[in-house]
Peer 1: 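Take this structure, written in structure tokens, and hold onto it; I'll ask about it next.
Note that the structure is predicted; figures quoted are calculated from it, not measured. Along the sequence shown, the residues carry numbers beginning at 1.
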Amino acid sequence: MEGKPLNVGGTGRANRRVLRVALAAGGAASILLSAVIAHGTACAEEHADEGQAEHALKLRPYIHCDGFAGGVRGVALDHRPQTAEPWREVSFGNRSERVSVVAGYRVAYSYPRTLHFANLKAERSDPSRYAEDKQIVTRNLADMAKADGNTALTEFSHRDFSGQTLGKKDLSGTTLAITQIFSDEDSVIVTIYFMNQVPEMRRFQTHEEFIVLRDSFIRGYVECVARKKSIPPRQQH
């Protein structure tokens with residue numbers, strides 16, 4: 001006996017009912033999937049926000065120091081855009097390497113009625129990359145010293161910080177010295193560019209006077225950061 005063919009095309013009433021159920025189920029699944037995606041995105045954003053908050057907390061002591069070294073003041077503060085690449089390039093000669101940066105700030109320092117004395121960058125490395133980042137920037141400054149006979153490279157250690165300064169031997173060019181300060185505890189690298197200006201718009205007039213101000217700045221800054229790091233975050237300002 002030949003049976004009736006199945007209505008695969010869904011033109012019958014029963015099949016229309018099945019189709020409606022299937023579409024409803026599919027719609028529910030789509031809504032559920034959208035909810036899962038939205039939840040996952042929200043969680044990812046929440047974790048990202050938590051990460052940025054942690055980085056900002058670690059960097060806070062490094063960007064709110066001034067009044068040291070004879071009254072130098074922070075006159076401008078910029079936050080590194082969150083949309084920036086999580087690294088910066090360090091180049092010298094034909095070599096270019098990447099140093100991780102998960103968060104950072106720039107602070108410009110001046111004495112009253114003068115142009116900028118120092119431009120400072122406080123940047124936190126990815127903690128898993130910090131040791132390698134430190135090696136890269138240390139080697140880069142050493143290579144710069146070898147290539148320029150008019151510079152001198154010195155190293156220092158104070159409190160829980162270490163660092164190095166590459167300085168010119170005279171008042172020439174736009175940048176007179178570069179100092180790098182390392183905090184192994186926080187995975188933070190601070191880079192300070194000490195600027196030259198026309199005589200009437202700077203605090204120093206001789207190279208010896210500049211050295212005194214530069215070293216006083218480094219020492220005062222490190223002391224300030226160390227002091228702020230010992231204060232509970234909510235009381236820092």
Peer 1: What is the minimum heavy-atom distance between H64 and K228, and which atoms define it?
Peer 2: O-CE, 2.8 Å
Peer 1: A side-chain contact here means heavy atoms from C-beta on lying under 4.5 Å apart; do R88 and K121 qualify?
Peer 2: yes
Peer 1: Using the ring-ring contact (aromatic ring centres under 6.0 Å, His included) rule, pick out the option among F68, Y109, F194 that qualifies with F117.
Peer 2: F194
Peer 1: Between E97 (side chain) and I136 (backbone), is there a donor-acceptor pair under 3.5 Å?
Peer 2: no
Peer 1: Looking at every heavy atom in both Y62 and L120, which two are closest together, and how far apart are they?
Peer 2: O-CD2, 4.2 Å
Peer 1: For the residue pair A177 and F210, what are the closest heavy atoms and their distance?
Peer 2: CB-CZ, 4.1 Å
Peer 1: Is a side-chain N or O of T138 found less than 3.5 angstrom from the main chain of K134, in a donor-acceptor match?
Peer 2: yes
Peer 1: Under 4.5 Å between any side-chain heavy atoms of R98 and E85, yes or no?
Peer 2: no
Peer 1: Among pairs that include at least one residue of residues 171-230, which meet disulfide (SG to SG under 2.5 Å), considering only residues two or more places apart or in two chains?
Peer 2: C65-C224
Peer 1: Take atom CD of E209 as the centre, draw a 6.0 Å sphere, and report whether it contains more than 12 heavy atoms from other residues, nucleotides or ligands.
Peer 2: yes
Peer 1: Any side-chain heavy atom of N119 within less than 4.5 Å of one from M195?
Peer 2: yes
Peer 1: Can you run down the ring pair (Phe, Tyr, Trp, His ring centres under 6.0 Å) pairs that involve residues 71-92, sequence neighbours left out, and say none if there aren't any?
Peer 2: H79-Y105
Peer 1: Test of understanding: with side chain to side chain donor-acceptor pair (under 3.5 Å), list the residues that count as partners of R159, not counting sequence neighbours.
Peer 2: E223
Peer 1: What residues, two or more places apart in sequence or in another chain, satisfy side chain to side chain donor-acceptor pair (under 3.5 Å) together with T165?
Peer 2: T179
Peer 1: Does the side chain of V102 come within less than 4.5 Å of E54's, by heavy atoms?
Peer 2: no
Peer 1: Evaluate the side-chain proximity of R124 to P127: yes if any heavy-atom separation is below 4.5 Å, no if none is.
Peer 2: yes
Peer 1: Considering only residues two or more places apart or on different chains, which pairs with a residue in residues 73-179 satisfy disulfide (SG to SG under 2.5 Å)?
Peer 2: none
Peer 1: Can you give me the closest heavy-atom contact between R129 and V99, atom names plus distance?
Peer 2: NH2-CA, 4.5 Å
Peer 1: Please name all residues satisfying salt bridge (charged side-chain N to carboxylate O under 4.0 Å, His left out) with D186, sequence neighbours left out, ordered by chain then number.
Peer 2: K58, K229
Peer 1: Counting only heavy atoms from other residues, nucleotides and ligands, does the tally under 6.0 Å from CZ of R106 exceed 12?
Peer 2: no
Peer 1: With sequence neighbours excluded, what pairs up with D126 under the side chain to side chain donor-acceptor pair (under 3.5 Å) test?
Peer 2: S128
Peer 1: Does Y221 have any ring-ring contact (aromatic ring centres under 6.0 Å, His included) partners at least two apart in sequence or in another chain, and if so, which?
Peer 2: none
Peer 1: Which pairs pass ring pair (Phe, Tyr, Trp, His ring centres under 6.0 Å) with one or both residues in residues 122-162, sequence neighbours excluded?
Peer 2: none
Peer 1: Under the side-chain hydrogen bond (donor to acceptor under 3.5 Å, both in side chains) definition, can you give me all pairs with a residue in residues 191-208, not counting sequence neighbours?
Peer 2: N196-R202
Peer 1: Run the side-chain donor-acceptor check on residues 143-154: report pairs under 3.5 Å with partners two or more places apart or on a different chain.
Peer 2:
residue: D143; atom: OD2; partner: R95; partner atom: NH1; Å: 3.0
residue: D143; atom: OD2; partner: R95; partner atom: NH2; Å: 3.2
residue: D148; atom: OD1; partner: N150; partner atom: N; Å: 2.9
residue: N150; atom: ND2; partner: D170; partner atom: OD1; Å: 3.4
residue: T151; atom: OG1; partner: D148; partner atom: O; Å: 2.8

Peer 1: For R214, which residues count as a side chain to side chain donor-acceptor pair (under 3.5 Å) partner, sequence neighbours excluded?
Peer 2: none
